[in-house]
Amino acid sequence: MLLKNPAHISCIQRLILGFLITAHGLCGVVSAQLVPEIAVEQPAGIDLVDGTASINYGNVILGASSLRTFTIKNIGTANLLNLAVSKTGTGSAQFTVVTTGMATTLAPGASTTFTVTFGPTGTAIGARTAAIRIANNDANENPFDIALTGAGVVPEIAVEQPVGTSLVDGTASIAYGNVATDTSNSRTFTLKNLGSGDLTGLTVGKDGTANAQFLVNTSGMLTTLPPGVSTTFTVTFTPAGASGARTASLRIASNDANENPFDIALTGTAYSTVADGDADGMSDWGEFQLAALGFNWQVSQPTLVAALANGAPAAGLYSAGQVQTLRVGASLTQHDLATQQFKLTVGLEKATFGQNYSPVRLTTPATSITGAGNLEFRFSAPEPGAVFKVQAQ
Ligand SMILES: [Ca+2]
Ligand SMILES: [Ca+2]
Ligand SMILES: [Ca+2]
Ligand SMILES: [Ca+2]
């Protein structure tokens, strides 16, 4: 190479040409330190090591994606040139590199970014691996290699009612049975995640003509279930109004791929304790309870009702056990720790046909102990057709 004007040649060329011991030699020593130096960060501020860095995207639901931003910096003293990002590896199709807006040349101190999005596709559960290579003119980090890993996972919803009995989305139907108005029947539903990815966005909605009478309680219910975790909610059927069938539907939303929403039909039959739909003198609920004796809440049977109310007990039409209901809603005995005494407290409630139960105040009970050692109350009631039940008080 013929040099006509040494003042116009580069410091590198002077080094090559051995001009170190000249007036330009000092320039040559300084120019030897002007080098590009790549640094790559992910996330910003976390320096990666060429060849050993591995970015783990973790578990990503099949069909969803996770984006990471990579920052390239030039921490050298000369321009970092020819920046280009390519990818390789068996799973590279599921990692998308976007370099839109990324600089291909970085002056010393400058930086730029690109993104890599992991979006597992297909139906296979498990790991995906790939690598990105950042081409550049760094002396010893070209290309700059970064491994990429991630796993494709799926959530899988299961709904059980009662617990242990799996329901089928769209065909499941929960029957609450025959319920008197103003009383309740509650069921607990269990949600489980049988999949490998988080089950998220769990909410319980409802619709259908009678959905107002099916109360959903999601208090304490988890809205995200990691694999293997379960949670519960309750649905309480409290019928009101006229007797008849009630239907509604539950809609359980989640990120399950093929069961969103998870649909469950709800059915129940209300029997009014106050309405007398067939106008024969006995409430619908009362007739339903005595159906075995021939009562039909939809067929007017005034003679049958009169027979029951006026003379049936004496005639043996029904036994006391059939119409007197022992319903103990709380403990009859209470233990007083201070005195070490137990106290038995009971009361009576009475209902005439077509009416709700109300307390019977035993102001002058005749109390005695029978020969068998049982406590016995004696009291009189003016209504021969009344129904009595013992209640804890
Ligand atoms: Ca380097
Ligand atoms: Ca599913
Ligand atoms: Ca009736
Ligand atoms: Ca009837």
Side-chain angles (χ1 to χ4, degrees), residues 59-64 120-126 152-161 165-172 178-182 189-204 222-231 239 241-245 250-264 269-310 312 317-318 322-323 351-356 383 385-387:
N59 292 336
V60 176
I61 305 290
L62 292 180
T121 59
T123 57
I125 306 303
V153 294
V154 290
E156 183 58 49
I157 192 171
V159 184
E160 298 179 354
Q161 204 301 302
T165 299
S166 283
L167 305 182
V168 176
D169 172 30
T171 62
N178 304 307
V179 182
T181 52
D182 303 317
F189 292 76
T190 300
L191 302 175
K192 289 183 175 177
N193 181 0
L194 304 181
S196 50
D198 285 356
L199 183 66
T200 62
L202 284 167
T203 60
V204 182
L222 301 174
T223 57
T224 293
L225 295 180
V229 175
S230 63
T231 190
S243 301
L250 288 181
R251 314 270 185 219
I252 306 170
S254 74
N255 65 334
D256 186 286
N258 63 344
E259 293 162 294
N260 178 29
F262 194 107
D263 299 302
I264 303 167
T269 303
Y271 287 95
S272 176
T273 56
V274 294
D276 179 10
D278 55 10
D280 60 8
M282 186 183 293
S283 74
D284 298 346
W285 176 244
E287 292 208 69
F288 174 74
Q289 286 187 300
L290 297 176
L293 297 178
F295 287 86
N296 184 327
W297 68 281
Q298 293 173 302
V299 176
S300 183
Q301 300 155 301
T303 305
L304 185 59
V305 173
L308 179 73
N310 297 328
L317 182 59
Y318 59 84
Q322 285 174 306
V323 295
T352 51
F353 291 111
Q355 302 299 316
N356 290 325
E383 306 94 339
V387 176

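Nothing here was measured: the structure is a model prediction, and the numbers come from that model. Just follow the structure's listing: the first ligand is 1, and inside any ligand the first atom is 1.
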Can you tell me how far the CD atom of Glu287 sits from the CG atom of Asp276, to the nearest 0.5 Å? 6.5 Å

Are any non-hydrogen side-chain atoms of Leu202 and Ile252 less than 4.5 angstrom apart? yes

Closer than 3.0 Å to the Ca ion (ligand 3), what protein N/O/S atoms do you find? Asp276 OD1, Asp278 OD1, Asp280 OD1, Met282 O, Glu287 OE2

So what does the Glu156 OE1 - the Ca ion (ligand 2) - Glu259 OE1 angle come to, to 10°? 120°

Angle at the Ca ion (ligand 2) (to 10°), with one arm to OD1 of Asp256 and the other to OD1 of Asn258: 70°

Taking only residues two or more places apart in sequence, or in another chain, which ones meet Asn260 in a side-chain contact (heavy atoms from CB on, under 4.5 Å)?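 With sequence neighbours excluded, Asn260 shows a side-chain contact (heavy atoms from CB on, under 4.5 Å) to Ala253, given in chain and number order.
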
Would you please name every residue forming a side-chain contact (heavy atoms from CB on, under 4.5 Å) with Asn255, sequence neighbours left out?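 Ile61, Pro155, Leu199, Thr200.
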
Sorted by chain and residue number, the salt bridge (charged side-chain N to carboxylate O under 4.0 Å, His left out) partners of Asp263 (sequence neighbours excluded) come out as Arg251

Please state whether the separation between the Ca ion (ligand 2) and some N/O/S atom of Asp169 is under 3.0 Å? no

Describe, in one word, how the ring planes of Phe288 and Tyr271 are oriented to each other, choosing from parallel (under 30°), tilted (30 to 60°) and perpendicular (over 60°).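 Aromatic pair Phe288/Tyr271 classed parallel.
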
Taking all non-hydrogen atoms of both residues, which atom of Val229 and which atom of Leu222 are closest, and how far apart?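 Where Val229 meets Leu222 most closely, the heavy atoms are CG1-CD1, 4.2 Å.
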
